[in-house]
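Hydrogens, waters and symmetry mates play no part in the numbers below; they use all other heavy atoms, side chains included. Each chain gets a letter, A, B and so on, in the order its sequence line appears, and its residues count up from 1.
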Number of protein chains: 2
Amino acid sequence: MSSLSPTARVILGMLKLGVRTGYDIKKAIDVSTKFFWSASYGQIYPELKRLRESGLVRARSQPRGKVKRTEYTLTKAGERALHEWLTDTESSIYELRDEGLLRLFFGDLVTTDDVLANLRARREVLELVLTRFRAIEPEAREGFAEEFQLHPYLALSYGIGMLEWSIEWYAETERRLEKGQPLTERIASATSSE
Amino acid sequence: MSSLSPTARVILGMLKLGVRTGYDIKKAIDVSTKFFWSASYGQIYPELKRLRESGLVRARSQPRGKVKRTEYTLTKAGERALHEWLTDTESSIYELRDEGLLRLFFGDLVTTDDVLANLRARREVLELVLTRFRAIEPEAREGFAEEFQLHPYLALSYGIGMLEWSIEWYAETERRLEKGQPLTERIASATSSE
DNA sequence: GAAGGCATGTAAATCGTTACATGATTTA
DNA sequence: TAAATCATGTAACGATTTACATGCCTTC
């Protein structure tokens, strides 16, 4: 069992990848893990403080001109804790909170038009995210090719694939609801294939 | 903009579907929306109290023998608030927290064997959940056929499809990593298809 | 010289889980 | 009669967001 707090997990990993300041950790999260593991300043700075107090990271003041700046690096204990968590196959948080699905679940309480409006709205949001992911993709691919960073690229590819699948599901469900035959073959075909 | 708290959203919806007590709301969530919208007793009971205080629900004591029991129903204001939220296409929470993906993201920091162990562990968890979903499916299908509750069934079908997609992605990624050629066509084919 | 980015942090509020406490009723 | 289920709730803790505050540096 890993005793690292949720935010500590991503912080230690980012430090090990070479990110140095709280500010940069936040930026790195926002362009990479945010989709499946986000964190705000209000979590990052206090957590860095706690991690230093418990000896998992060390802090060095590295001002740039007069801008105060604190660089963090992993201690031996920090390296150990990170490795322990990364190789722990027991713990396995999976949480999804999806307001679109909740509204769909309650769809019997509103009209079909209301349901359709929500499906479309949700699909449009997903399409926006997908567009952003595809825009990052060439960059991530280069990161893989030039810095041998395969895994961030793999995670991105998962995100892209999942969004594509979701968007297609929404589109298909919209089509069926529009035609008034929203049913049956979906699950039948889905469960028989693979 | 809906002012309903996250837990209030699922509570009001469940009340409208005919669920009556805090205890039953929790049970209903656990067999239906839990996958994408969960709640614990520690949220449900205090929230019911708040909803009563703000006039969105009304409480009636309906003891069964000596077991105290409080039944809740929506007030007019509660119906309005629920309907407003259900037909609001603006707000749209989408949050995912997936420890497996975070570990995969940091995969460059460990050995390929460690990554593979984590992919397999995660896939096994997903397979368990999928098994449970498939077990509920006939029940949900009946609920649709007999009580005209289409939408819970649709949400379940989304869950099943998404899990199938994820599991296949994991299996495929494992195969590629095992062969040492984890790459390239995946995204190429994923983005070109569809 | 204004805007935007760099950089760090705190306070308040909200949200959520877990563990605990209590006691009745039903089922094996 | 023991275990499971029904039923309600609180306390402590932990996680998280949002808004605020501060001030330097760089770029337009």
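For B/Gln43, a side-chain nitrogen or oxygen approaches OP1 or OP2 of C/dG16 to under 4.0 Å. In this structure, A/Arg97 reaches the C/dG16 phosphate: one of its side-chain N or O atoms is under 4.0 Å from OP1 or OP2. In this structure, A/Thr7 does not reach the D/dG14 phosphate: none of its side-chain N or O atoms is under 4.0 Å from OP1 or OP2. Side-chain N/O atoms of B/Ser40 include none lying less than 4.0 angstrom from OP1 or OP2 on C/dT18.
Note on A/Arg120 versus A/Glu124: no salt bridge recorded, every NZ/NE/NH1/NH2 to OD/OE distance being 4.0 Å or above. By the 4.0 Å N-to-carboxylate-O rule, A/Arg176 lies close enough to A/Glu172 to be salt-bridged with it.
Between the C1' atom of C/dG5 and the CG atom of A/Asp30 lies a distance of 14 Å, rounded to the nearest Å. C/dC15 atom C1' lies 10 Å from atom CD of B/Glu47, rounded to whole Å. Distance, B/Tyr94 OH to D/dT17 P: 16 Å, rounded to whole Å. Note: CD1 (A/Ile11) to C1' (C/dT8) measures 14 Å, nearest angstrom. At whole-Å resolution of the value, CG in B/Leu51 and P in C/dC15 are 12 Å apart. A/Lys26 places its NZ atom 10 Å from the C1' atom of D/dT17, with the value rounded to the nearest Å. Distance, B/Ile44 CD1 to C/dC15 C1': 14 Å, rounded to whole Å. Between the CZ atom of A/Arg20 and the P atom of C/dC6 there is a distance of 18 Å, rounded to whole Å.
Qualifying side chain to side chain contact (heavy atoms under 4.5 Å, CB included) partners for A/Lys16, counting only residues two or more places apart in sequence or in other chains: A/Leu74, A/Glu79, A/Leu82, B/Leu109. In this structure A/Phe35 satisfies the ring pair (Phe, Tyr, Trp, His ring centres under 6.0 Å) test together with A/Phe133, sequence neighbours excluded. Residues satisfying the ring pair (Phe, Tyr, Trp, His ring centres under 6.0 Å) criterion with A/Phe106, sequence neighbours excluded, are absent altogether. Partners of B/Arg132 under the side chain to side chain contact (heavy atoms under 4.5 Å, CB included) rule, at least two apart in sequence or in another chain, are B/Val129. A/Ser40 pairs by the side chain to side chain contact (heavy atoms under 4.5 Å, CB included) definition with A/Gln43, not counting sequence neighbours. Take A/Leu128 and apply the side chain to side chain contact (heavy atoms under 4.5 Å, CB included) test, not counting sequence neighbours, and it matches no residue.
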What side-chain donor-acceptor pairs closer than 3.5 Å can you find for residues 55-72 of chain B, not counting sequence neighbours?
unit_1  : atom_1 : unit_2  : atom_2 : d
B/Arg58 : NH1    : B/Thr73 : OG1    : 3.4
B/Arg69 : NH1    : B/Glu71 : OE2    : 2.9

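Rounded to 10 degrees, the angle separating the terminal axes of the helix from C/dG1-D/dC28 to C/dA28-D/dT1 is 40°, with each axis obtained from five end pairs.
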Would you mind building the protein contact string for nucleotides 2-10 of chain D? One character per nucleotide, 5' to 3', B for base within reach (heavy atoms under 4.0 Å), S for sugar-phosphate only, - for untouched. ---SBBBBS
